[in-house]
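Because the structure is predicted, anything quoted here is derived from the model rather than measured.
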2 protein chains.
Amino acid sequence: MRIGELSRRTGVPVPTIKYYVREGLLPAGELSSPNQASYDEGHERRLRLVRALLEVGGLSVAAIGDVLTAIDDKEQPVHKLLGTAARRMVPEYGDAAGQDDAEAVLAREKVARLIEARGWHVGPGNKAVGALEAALASLARVGHGSFAELLDDYAEAAEQVARVDLEYTARRVDREGLVEAVVVGTVVGDAMFAALRRMAQVDASSRIFAQELPE
Amino acid sequence: MRIGELSRRTGVPVPTIKYYVREGLLPAGELSSPNQASYDEGHERRLRLVRALLEVGGLSVAAIGDVLTAIDDKEQPVHKLLGTAARRMVPEYGDAAGQDDAEAVLAREKVARLIEARGWHVGPGNKAVGALEAALASLARVGHGSFAELLDDYAEAAEQVARVDLEYTARRVDREGLVEAVVVGTVVGDAMFAALRRMAQVDASSRIFAQELPE
DNA sequence: GCTATCTGATAGCGCCACTATCTATGATGG
DNA sequence: CCATCATAGATAGTGGCGCTATCAGATAGC
């Protein structure tokens with residue numbers, strides 16, 4: 001198919017597709033003549049993936065580029081690859097936690113204790129660890145440090161979710177499918193859970209307020 | 001305190017503080033003379049809240065402005081206020097789901113069935129519902145529609161989290177504290193859970209890969 | 001041949017979260 | 001009292017990002 005049809009099928013404007021190709025998010029079409037290129041279902045699929053990561057996952061174009069480059073690198077062993085993928089999918093909270101004040105220190109301790117208690121095999125270099133520390137430090141700074149008491153309940157729920165996530169990815173057989181499943185699952189899974197949490201919150205609070213305010 | 005000290009205490013540059021005041025995120029300092037204003041702990045607290053919503057929550061300045069305006073509006077009844085707060089804290093997936101193709105229709109059905117099965121009291125106008133629909137539609141479009149099979153497990157975990165969220169907010173007595181707790185809990189809670197999920201995933205997959213690749 | 005479409009390249013746009021600079025004023029310390 | 005510093009308020013500018021517009025030259029398909 002030509003670029004116009006690709007655009008029509010996916011709803012992505014032609015100049016935007018070209019932009020993605022320039023940025024390395026999408027391989028160029030195969031040239032049949034100096035100014036004619038043809039695109040296949042692989043391109044379409046990749047393009048939809050890019051849009052999902054952008055719109056649902058909120059990833060930046062640069063981050064998507066990194067993740068996809070890792071996916072396409074046939075050399076890298078799978079577990080390393082999953083690492084890069086995961087690393088680029090966590091937003092940078094680096095400077096947010098990097099204040100290194102009392103709250104940051106306490107947050108690090110709390111996270112270390114949690115990991116210890118859970119027996120999790122996660123190194124301190126993990127970005128998610130930093131993100132969690134940043135979140136806890138931030139809570140303390142805004143005077144909601146006690147929200148951290150819910151940490152264990154959150155962790156419990158997170159373990160449940162991670163379990164089914166892993167079951168899902170375990171179904172994949174081929175390498176590319178596996179990594180893609182991880183990427184999609186991680187990114188879209190976040191959005192899914194956040195939405196479900198909101199819905200469950202609304203439901204729970206409507207039950208409470210319905211009693212108190214029966215108007 | 002003067003603006004310089006506020007800046008030092010929070011690590012936010014003076015021009016940025018002024019910018020926030022202009023944008024309505026922060027009330028102006030009390031003028032003691034035409035070019036001297038004093039700020040108190042209330043300002044400091046609010047400023048920290050703004051930074052938390054920006055850095056951890058990833059909210060836009062405009063969204064934060066809306067949420068804070070709602071918090072400060074002493075007229076509005078609490079439940080309406082919680083509504084506005086929640087509405088502005090969900091990113092706009094509107095046009096992402098708005099393709100109205102087969103996937104979108106199926107996603108809507110799935111979500112409706114889930115709400116039905118869970119007995120949740122959530123209207124279809126709820127933004128979280130739209131976000132979930134968008135996520136599911138997106139999954140289907142990238143060929144990972146079967147990820148939606150995990151929906152029920154996700155919902156279960158979300159209910160657990162929402163339960164403890166509600167318990168936390170129920171402790172608040174004063175109006176402002178309540179709303180703030182909801183805002184902080186929602187926004188930072190998302191980040192917290194996402195980080196925990198990553199960590200749990202890493203742990204779970206390390207257990208699997210440790211067996212397969214005992215290097 | 002004619003029109004619609006294409007490639008590849010370059011430049012520009014709109015938004016956003018700041019940041020820089022300026023003037024006029026006042027605070028502060030020796 | 002005066003030099004120095006900080007401040008308020010206003011306006012303009014910056015850098016990054018995700019596109020979007022425009023163009024020249026070439027080709028497709030009728």
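Ranked by how close their nearest DNA chain C nucleotide is to the 5' end, B:P15 and A:L31 are led by A:L31. Remark on DNA chain D: of its neighbouring residues A:L54 and A:S33, the 5'-side contact belongs to A:L54, judged by nearest-heavy-atom nucleotide. Map A:E5 and B:L59 each onto its nearest nucleotide of DNA chain C; the residue landing nearer the 5' end is A:E5.
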(request) Go through the steps to decide whether A:Y39 and A:L47 satisfy the test side chain to side chain contact (heavy atoms under 4.5 Å, CB included), and finish with yes or no. (result) CA-CA 11 Å; A:Y39 301 81; A:L47 183 51; over 6 Å; no
(request) Check step by step if side chain to side chain contact (heavy atoms under 4.5 Å, CB included) holds for A:V56 and B:L139. (result) CA-CA 10 Å; A:V56 181; B:L139 279 174; over 6 Å; no
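Residue B:E30 contributes atom CD, which lies 17 Å from atom C1' of C:dG26 at whole-angstrom precision. A straight line from CG of B:L47 to P of C:dA17 spans 15 Å, rounded to a whole angstrom. In this structure, A:Y39 atom OH and C:dC6 atom P are separated by 9 Å, rounded to whole Å. The CG atom of B:L25 sits 12 Å away from the C1' atom of C:dC18 (whole-angstrom rounding). As rounded to whole Å, 11 Å separates atom C1' of C:dT23 from atom NZ of B:K18. C:dA17 atom P lies 8 Å from atom CD1 of B:I64, rounded to whole Å. Rounded to whole Å, atom P of C:dT5 lies 12 Å from atom CD of A:Q36. Atom CG in B:L26 sits roughly 13 Å away from atom P in C:dC18 (whole-Å rounding).
Taking 4.0 angstrom as the limit, B:Y20 places none of its side-chain polar atoms (N or O) nearer than this to OP1 or OP2 of C:dT19.
Across every non-hydrogen atom of A:I64 and A:L54, the tightest pair is CD1-CG, 3.7 Å.
Using a 4.0 Å cut-off between a side-chain N of Lys or Arg and a carboxylate O of Asp or Glu, B:E5 and B:R9 qualify as a salt bridge.
Residue B:P34 is classed as a sugar-phosphate contact, given heavy-atom separations below 4.0 Å to backbone atoms only. Across all strands shown, A:R22 has heavy atoms under 4.0 Å from base atoms, whether or not it also approaches the sugar-phosphate.
Side chains of A:Y20 and A:R51: a donor-acceptor N/O pair is present below 3.5 angstrom, by distance only.
The shortest side-chain heavy-atom distance between B:V188 and A:H144 does not fall under the 4.5 Å cut-off.
The one candidate from A:R172, A:R48, A:R45 that meets the salt bridge (Lys or Arg N to Asp or Glu O under 4.0 Å) condition with A:E180 is A:R45.
For DNA chain D, the outermost nucleotides in 5' to 3' order that have an atom under 4.0 Å from a heavy atom of chain A are D:dG18 to D:dA28.
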